[in-house]
Protein chains: 2
Amino acid sequence: MSLTKLLKPASIAIIGANEKPGFGGGTTKNILTYRKDLSRVYFIHPTREEVYGHKCYKKVDDVDDTIDLAVICTPQPTVLGLLREAHAKGCEAAVVYASGYSEIGPEGVALERELQDLAAELNMSIMGPNCGGFVNYVDDVYSFAFLGDYANKRGGIGFVSQSGKFVIDMMNSPELRFSYALSVGNSRVTTVEDYFEFLVNDPDTSVVAAYVEGIKNPIKFERSLRAAAQAKKPVLILKMGRSPKGQAAAASHTGSMSGADQIFDAVFKKYGVIRVDDMQDMRSTAALFGTLKALPKTAAFASLNQSGGERGLAADLGYMHGVEYPDFSEQTLKRMKELLADYASPSNPLDMTAGTPLNVYFETLAVGMADENVSAGLLGMLVGPNPIPAERMEGFAALAKKFPDKPMMLLNIMERPRNPEVVAAFQEMGIAVLPTMAYGFRAVRHLADFVEYCNAADAPTLSLAIPEKAPSGKTRALGEYSSKKLLQEAGVPVDVGEVVQSAEQAVEVAKRFGFPVVLKIESDDILHKSDVGGVKLNLKSEAEVAQAYADILDSAKQKMPGARINGVLVQKMLSQGIEMILGVNSDPQFGPMLLVGLGGVFVEVFKDASLYPCPLDRKEAEQMLTSLKAYKLLTGYRGGEPADVEALIDTIVAVSEFAVRHKDSLKELDINPLFVYPKGKGVAIADALVILHD
Amino acid sequence: MSLTKLLKPASIAIIGANEKPGFGGGTTKNILTYRKDLSRVYFIHPTREEVYGHKCYKKVDDVDDTIDLAVICTPQPTVLGLLREAHAKGCEAAVVYASGYSEIGPEGVALERELQDLAAELNMSIMGPNCGGFVNYVDDVYSFAFLGDYANKRGGIGFVSQSGKFVIDMMNSPELRFSYALSVGNSRVTTVEDYFEFLVNDPDTSVVAAYVEGIKNPIKFERSLRAAAQAKKPVLILKMGRSPKGQAAAASHTGSMSGADQIFDAVFKKYGVIRVDDMQDMRSTAALFGTLKALPKTAAFASLNQSGGERGLAADLGYMHGVEYPDFSEQTLKRMKELLADYASPSNPLDMTAGTPLNVYFETLAVGMADENVSAGLLGMLVGPNPIPAERMEGFAALAKKFPDKPMMLLNIMERPRNPEVVAAFQEMGIAVLPTMAYGFRAVRHLADFVEYCNAADAPTLSLAIPEKAPSGKTRALGEYSSKKLLQEAGVPVDVGEVVQSAEQAVEVAKRFGFPVVLKIESDDILHKSDVGGVKLNLKSEAEVAQAYADILDSAKQKMPGARINGVLVQKMLSQGIEMILGVNSDPQFGPMLLVGLGGVFVEVFKDASLYPCPLDRKEAEQMLTSLKAYKLLTGYRGGEPADVEALIDTIVAVSEFAVRHKDSLKELDINPLFVYPKGKGVAIADALVILHD
């Protein structure tokens, strides 16, 4: 299903066109107001002769032209019939505004299914139902029901949202310029993932922004994220459901399956997606990306301010948002000292001190921007409701021209109406007018994250290991030996040990391995071996081994009489290393997710763990580790020896490969603990548990 | 020095009154525009006959009235002479706008000192220099240099700031209503702490807001914080310097001594001060506190929204800011189900679903607000540039009247111009119009913090243990025995052990204590005993003790030949408990600060420590512990025994008392490790180090 006919139609029929308030009236008025070429726009109404002086046809069939897009403005009961009529005319795409579908409960769900079935039968793309329509600013297409000022808004932002309110909010933001604004409602036929994919691949869209309530087609969604990452096209997503209550809200609101929030975070991290927190964050960040003519080469900012207060705020907010202000070079500092008052003390962030003359102000900005250590500028320059004198605006224009590769943005410390002409003039120069500080710095942080993502490594090329079939819901656990065996077969280096059936065998194996050894009960039915007295550590002699064998079986039989016992596992006793946990959980939408963290307390008390989708490469595994707060415990904490991080990375990658190979059967893998030894000495898997879908 | 004459003058002389732009012109115009009673306002100018039709006097002395406040609008060189003239007339207070003082470097610093000396000589209160002046909205006093719209702004917010820009920003915020707005500049004579104290004690000020660059008089500042806490008057402070760079900026900007940022956080926590992050945070939070007619009884909110998008944002942002939405009662849910559409699924946060009729909307709000579990309401109700229909406004007015004790606030999801009349009408009802979400939720978080602070316990009555004299800068460390002895004398339970001078004595003491014992080198010169082989643990026999004694002395003499050795310390070997660290650092401004955290890694890697000023009581000690992320390790982690938290609290309080007793001499105390044993088994101090000012 191509979206071309839907979003880029050459001919349009407005079915239910009229002059009254409502979908028909709004759409008619919008297209007449904003579209230049009306030659292939047709208005359809059963009784009207004309609408705003334009001819009305009784029905679609009366139009003597092919119709690419039928915009159905009439109520729910009329929709199916009109779709059939349009289809009979050769039309392949429609917008359905009508509400009364799944958003009103079970009754509406049935109607929506009917609509979906008909669309499948007729092979039509359909936006909606229960939607606001769209504007395609690129080709001048207005199929939008709500009145507003949509003139001069052509730009690079493509926005798609199930909430019509959010689309209107974005369209009413004077600093935003769009390629497409899509209010797609229930998006039952043509899905959010379809629109999203369209925007990612659309050459007229430079920034993709989406409000996503839930994902129904993870394969298509992931493919689009990957394409955007490879194209280095920024993707902004507002995905609610950070809280347990929010997840419940999202699920009840759309009936979408709402994955655990951390899963989305992990997938977004892999593809450099900018996750925004709310609609203002979306708006500010879209405006920033939409305005800059070039991305900064690095995430290193010059903070150039006109007062001590501004400088203090820039320093603190920058610190809180992790924005980097590198030290200025000696040369820059020397030049600034020459330019500024004696009592100014140049640094980054800079306070030029109050009363700096305009020419000195701009010269100082130029010196700061020219510094070799900085790639972008955060300028303390407030934009309020009043116009800004021409001389000052010209100064900024000259500055922007001088530094085409070092984008600049203006900080603002209060929520104020900002003069739209001033904002537009700055945008014309490629200078972004940031909103109030918390939002401004968040947008800057998002920009820095994106730059760092693009600079860090090549974007992933492999698709996620999304399972091909839904799991049955039944699962079975494997004992430690079987779990380790499965890991070993997949190339994960692990000492599997040997399962024995008698004390004599145990002793024989122990002698072969060398003392000390460990004995453990081996049973698919016993997940918590210690709880049934099924683990004996540090056995140093034949006698100890024989005794342990007997004790383990006795204890297990007594405490779990029904358990099927495969034998007793004999392993070499591992020496203690840094304890880590390494696990995989298979997400029903995005497949196996790998988790790594330092032993028990760190993960459980401090939630210090890193989650990432499979497959992953060494670079990604390394990023997982360095993102841990406890990472410094691996690099030689308090004079200790650095751990064998390379071997740990190898193991993470091998486990990821294991998870990918078993993506359709693996539900869960827990390696706990994994011992990491000093550099050069490798790692060792002490215990492993695999749970499979049955 | 009373501020009454300065801030509440009965008669005012504007010295340098005129009609031109500038300090004189601005002040003249402002007072003429906004002050009703001009009978005791006198305009002084050496050559003018009149100003805006009002009589001008040549000099202050010509005025036939006493003068409470002289507003000196003229440049720096004229200031001292004019102050003398005013003083000769009996005037005790002045505003000095002139710049050219400490803000311009060393030369200005000298001039400022002269001004300060003269003020001391004449015993005058002086605002400034380099300031913008003030407005006292309570008594209708305008000694303010910058033009603006200052009508109808009387309210409860008292704001003081060294930055004039920030004062203007606040005064230009249409939703703020002030008692006082004070732009106090360099505040060399009358200090920020003086104004702050005035506002805290002022009955017309219900919210104290301050931009503080640094504190020069911690005793006065702390006294004011304590008074505010006892009066449950909210105090909002913007204190920059969160980052190392910001601290440097603050120091260079004002020459104020800028304490470590965490010290301020600790002091603010003790007194329930609301620390805001930036000026918009200040503004939003001041507006919230300034609008509500009552504080919520608890920090439990009903979130009542009109759409799924709003509900999702409220859920997520609330979660991110720790805002509590308790579950609605069964009765509330039942009533909501009756009111709302079949497909609505009532919960907190609530989505009423789109298209809810107005009467149902208000009825649902009333049902939600009436719920016994909630104390306040966060209503999804956007305020934009347009007026809101009267019917709707009346609905809110009725709602506010119905719930006088449950304050309500309106959420807004985008940064937009908001209609000032609408905002004012809501404020009249006691309903706060929150700014864009991140700021709105931050303000709500601040409100919740304040409510929780007020509900948690009585405010502290004891003053901080601020040292009475500045330390010499020289310090000396005490050995472990002397350190522990000092703690013991102050009532901290600690086993000090015994210092011995021979192997025989060591053995004798060990036998008395019972084996195993520990031997440690005892020397004020050896801070790191282990590094010189000065510690022998777990000595189980007489022979081991004798050998250890010899080894310790040999090793210490060899590795630190110059160290003065007091002997060898014999102690009972402690059994292992949960390792904690407990320390005190004396802040030069606020005195001893107590730090507590769980052993090494937690404090060092996760920065999981709690800092709090002394003295503190059991309740405060408990709050320090429960604020630790690792606190759960003390309460029986993973089925372990709960630790003796009561004994730990006793020890924290005892250490605080120790620190208070030694506030003038104590520089630092480190108890590391402190072992905490299972419930009922107490704690033990394994090692202690005291560093004193010499």
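We name chains A, B, ... by the order of the sequence lines, and we start the count at 1 in each one. Just so it is clear, the values below take in all heavy atoms, side chains as well, and ignore hydrogens, waters and symmetry mates.
How far CG of B:D277 is from CG of A:L317: 7.0 Å, rounded to the nearest 0.5 Å. For the atom pair CE of B:M414 and CG of A:N172, the computed distance is 9.0 Å after rounding to the nearest 0.5 Å. To the nearest 0.5 Å, atoms CZ (A:F166) and CD (B:E310) are separated by 7.5 Å.
Heavy atoms only, all atoms of each residue included: A:A438 and B:Y439 are closest at N-OH, 2.7 Å. Across all their heavy atoms, B:Y211 and A:G309 have their closest contact at OH-CA, 4.2 Å. Of all the heavy atoms in A:M320 and B:R242, the pair that sits closest is SD-CD, 3.5 Å.
Ranked by heavy-atom pairs shorter than 4.5 Å toward chain A, the options B:T353, B:I104, B:L633, B:D342 are led by B:I104. Of all the listed residues (A:L382, A:D608, A:D281), the one sharing the greatest number of non-hydrogen pairs under 4.5 Å with chain B is A:D608. Contact tally against chain A (heavy-atom pairs below 4.5 Å) for B:M279, B:R442, B:K165: the top residue is B:M279. Chain A forms the most heavy-atom pairs under 4.5 Å with one residue out of B:Q280, B:E107, B:R418, B:K629, and that residue is B:Q280. For the options A:K632, A:R416, A:M437, heavy-atom pairs under 4.5 Å to chain B are most numerous at A:R416. Annotation: maximal heavy-atom pairing with chain A below 4.5 Å, among B:S173, B:S99, B:P417, B:S163, occurs at B:S173.
Proximity to chain A (any heavy atom under 4.5 Å) is shown, for B:M282, by neither the backbone nor the side chain. Contacts of A:A341 with chain B are absent, with no heavy-atom separation under 4.5 Å from either backbone or side chain.
Here A:F301 pairs with nothing under the ring-ring contact (aromatic ring centres under 6.0 Å, His included) rule; sequence neighbours left out.
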### Derivation of the side-chain contact (heavy atoms from CB on, under 4.5 Å) call for A:R311 and B:M240
CA-CA 10 Å; A:R311 173 187 156 162; B:M240 291 191 207; over 6 Å; no

#### Entry: CA sep, side-chain torsions, deciding dist, call: B:T436, A:D278, side-chain contact (heavy atoms from CB on, under 4.5 Å)
CA-CA 10 Å; B:T436 313; A:D278 61 35; 5.7 Å; no

